[in-house]
4 protein chains.
Amino acid sequence: MPTGRNQRADATRNRELLLAAAEEEFTEKGLDASVADIARRAGVAKGTIFRHFATKEDLIAAIVSGHFAALIAIAERLLTASDPGAALLQLLTETADNIRQNDLLFLQSITGNDSRVLALRDELHATITALVTKAQEAKAIRPDLTGTDVFALMCTPVHAVDFLPNPSPDSWKRYLAIIFDGFRPEGATALPVAAPDWG
Amino acid sequence: MPTGRNQRADATRNRELLLAAAEEEFTEKGLDASVADIARRAGVAKGTIFRHFATKEDLIAAIVSGHFAALIAIAERLLTASDPGAALLQLLTETADNIRQNDLLFLQSITGNDSRVLALRDELHATITALVTKAQEAKAIRPDLTGTDVFALMCTPVHAVDFLPNPSPDSWKRYLAIIFDGFRPEGATALPVAAPDWG
Amino acid sequence: MPTGRNQRADATRNRELLLAAAEEEFTEKGLDASVADIARRAGVAKGTIFRHFATKEDLIAAIVSGHFAALIAIAERLLTASDPGAALLQLLTETADNIRQNDLLFLQSITGNDSRVLALRDELHATITALVTKAQEAKAIRPDLTGTDVFALMCTPVHAVDFLPNPSPDSWKRYLAIIFDGFRPEGATALPVAAPDWG
Amino acid sequence: MPTGRNQRADATRNRELLLAAAEEEFTEKGLDASVADIARRAGVAKGTIFRHFATKEDLIAAIVSGHFAALIAIAERLLTASDPGAALLQLLTETADNIRQNDLLFLQSITGNDSRVLALRDELHATITALVTKAQEAKAIRPDLTGTDVFALMCTPVHAVDFLPNPSPDSWKRYLAIIFDGFRPEGATALPVAAPDWG
DNA sequence: AATGAATGAGGATTCATTCAT
DNA sequence: AATGAATGAATCCTCATTCAT
């Protein structure tokens, strides 16, 4: 016996289906994935997509927001870890793993105006910065590194894999290890340019 | 009255104009830059573009080929340098600098079928591998690194900058330095996964 | 707990709310006013509108019917006035005033098939014809004018205002006066074409 | 042997075909006539319409402009007539005749921002005002009438016909005669409202 | 070889209407 | 009776590509 609650449950399910379908389509076809294809993949009518997301851009913002939120959760959890250096490496590992399945990095380019996305991005940046500071106090990473640097480099291991002819699903771990080795405090080269501002 | 020779000269010039205009447009607007805008920027008619490049994809392949060729030239020149470690760093620096001006990375996604582009990419990969080997023989970089690894990581300094809210034009130098620090042989962490195959 | 009676009362109220909201929306946005906006303005769900009016066209027909009914009431009241000429002018004045607030003229274009609207229109035409005849018997207006003529010209004062760059709300009175001056019997020009048939 | 000139001639012809088709479609279906239908009627592809008119609104502006230009030509020609009163009547006659075939009055509603249309409208208004002044100096029409009044009333004879169940193509002449009788100077009623401003 | 007009498939979005709850 | 989610046809417009000149 379906209640009003059930109806809402159906709509919620459609929303999830759409987000999932959109992620897959965007991953496969990039930003030009069509709303029609997303709807088809989700098994709903084209119009339904606009009930849930007023605009294609809104849909993208929702996806990006979801990922940022997930990354924030990861980072906050790691903030209480006992070994700050390991925690930072763990953050980068989980981040890359989260991103690896759906490389939505390019989606960010469109969400530059969405205040919700921007707020989440700032929050993630702040949490990462806190983690970086802790790791530096523990002398686990080089002292000239900033949270902004880590934020910028966070996705590069996954991205590096994209330039390979036959990307294997695990190679990002290799590139993360190399980059993290660049974070070591011992024998670090003096950096040629000052750290970029965040805001 | 233009002679056959002159006409050919004009056509060649148009080709160059179109390639230059296309690079600028793609840099500014990404893959969605329109053929019409490129033609307008080059100062030729829309139809002319298709006389030179059968397809928008062909045009992109031509651009990407040009950049690969430039990178190959750089790499080959550095092959004869006396300090192989410095040469490798120099390669990555010049590559990033070359890319920074016209980020054509996204263009690669489309050229996966173009045999000319693939051949050039293979050639670049081979030259980089030779440089890497020399640097390893000189013990300038860690021995577990492969040419494929360097190829994959080559663009990441530039890409990292794209994730910053206010990208400053020089920040890639900072990220290249950090990543290159990860190439140091001393105290390198054992890499968790094997190097990916190239072909 | 609403009883059957209460529910019916609610439904009636909803119908009125919808009609009022629809008039406002149509006035503001023309025929393209959306059913969704009307529902929102009325404070009911979109589905409810279709319980009351099977079709958007039906809703429009209901509005037009209401206005025709109002005009009929005005005309019938004036049928008993002592000065038939003044009564005719009064009819045109009240009509224009009624129309001015909600220009529903454009709505008529759609209701050409609705028998209820057509019947009301015929009734209004008949009443106007009676008023015209009385005015002619009193020699207040030119004898070659027909009820059909007056019906046709009835809305023109309001419409004339629409062609002005800055319409002022009272200008229709000016145009009604001018047109009504064309109704004067003295010195009337012979009309070049016969009066149109009504049905 | 077709030259560049011929090609241009073809394009010009398509432009005319499109304008004609658009007028017919708009006349039949109102502002909601679809671009696709217009293209089909003109016998060209949908895309062609946008080569000639960047926007549906632009197309409408072109139509309205054409009509305003025609009316201006009529008015200017009549400015030199010997009998100014007859000239004014003639203007209204030719205007109505011009408009009768394609009632594009409603199209004006959309062109409120198009400076070209606005300029033509102002020019027409000015010319009409000149004609009115001349007619008043000749005591052919009432002295309290303005060019703005005539502009506003210009289309009403045609519009009146639209409210008839079976509009006959000539009835507008009847309504023009009636309205023009309202312009007579003798026995004119004092107008209840001041003449509206133009700009 | 160059031009630019024409083509038509494809894209995002809107909206009247239907339907499950 | 009311709700609001889902539908899918229709709309304006864009753009790579073709073609007549």
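Numbered from 1 within each chain, the chains take letters A, B, ... in sequence-line order. Bear in mind that the values here come from a model prediction, so they are computed numbers and not experimental data. Note: hydrogens, waters and symmetry copies are ignored here, and every other heavy atom, side chains too, is used.
Judged by closest nucleotide on DNA chain F, D:Thr55 is the one of D:Thr55 and B:Val35 placed further toward the 5' end. Along DNA chain F, the nucleotide nearest to C:Gly47 and the one nearest to D:Phe50 differ in position, and the one closer to the 5' end is contacted by C:Gly47. The residue among C:Ala36 and D:Val44 whose nearest nucleotide of DNA chain E lies closer to the 5′ end is D:Val44.
If you check distances only, the side chain of D:Lys46 does reach the base of E:dG10 with a donor-acceptor pair under 3.5 Å.
Residue contacts shown for A:Ala33 are limited to sugar-phosphate atoms, with no base heavy atom under 4.0 Å away. Within 4.0 Å of D:Ser34, counting heavy atoms only, lie sugar-phosphate atoms of the nucleic acid but no base atom. Nucleic acid contact for A:Asp32: none, since no nucleic acid atom lies under 4.0 Å from a heavy atom of the residue.
A side-chain donor-acceptor contact under 3.5 Å links D:Lys56 to the backbone of D:Leu31.
Between the P atom of E:dG4 and the CD1 atom of B:Ile49 lies a distance of 14 Å, rounded to the nearest Å. One interatomic measurement links the two molecules: CZ of D:Phe53 to P of F:dC12, which rounds to 15 Å at whole-angstrom precision. F:dA20 atom C1' lies 13 Å from atom CG of D:Asn14, rounded to whole Å. Between the CG atom of D:Leu18 and the C1' atom of E:dA5 there is a distance of 12 Å, given to the nearest Å. Between the P atom of F:dT17 and the NZ atom of B:Lys56 lies a distance of 8 Å, rounded to the nearest Å. Protein atom CD1 of A:Ile38 is 11 Å distant from nucleotide atom P of E:dT13, rounded to whole Å. Regarding C:Arg51, its CZ atom lies at a distance of 17 Å from the P atom of E:dT21, rounded to whole Å. Across the protein-nucleic acid pair, A:Leu31 atom CG and E:dA12 atom C1' stand 14 Å apart, rounded to whole Å.
For F:dA5, neither phosphate oxygen OP1 nor OP2 lies less than 4.0 angstrom from any side-chain nitrogen or oxygen of A:His52. Side-chain N/O atoms of D:Thr48 include none lying less than 4.0 angstrom from OP1 or OP2 on E:dA5.
Put simply, the side chain of A:Leu19 reaches to within 4.5 Å of the side chain of A:Arg15, judged on heavy atoms.
When both pairing distances are held under 3.5 Å, F:dT11 makes a Watson-Crick or G-U pair with E:dA12. E:dA1 makes up no base pair with any nucleotide shown, lacking Watson-Crick or G-U wobble contacts both under 3.5 Å.
For B:Ala45, whose side chain is taken as the heavy atoms from C-beta onward, the closest listed nucleotide among F:dA16, F:dT3, E:dG4 is E:dG4.
Only one option out of D:Asp58, D:Leu59, D:Val35 pairs with D:Phe50 in a side-chain contact (heavy atoms from CB on, under 4.5 Å); it is D:Val35.
Side chains of B:His52 and B:Glu16: a donor-acceptor N/O pair is absent below 3.5 angstrom, by distance only.
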Open item on the list: Under the criterion salt bridge (charged side-chain N to carboxylate O under 4.0 Å, His left out), I'd like the reasoning laid out for A:Arg41 against A:Glu28: C-alpha separation, chi angles, the key distance, then a yes or no.
Closed with: CA-CA 12 Å; A:Arg41 188 166 203 143; A:Glu28 286 177 17; 2.8 Å; yes

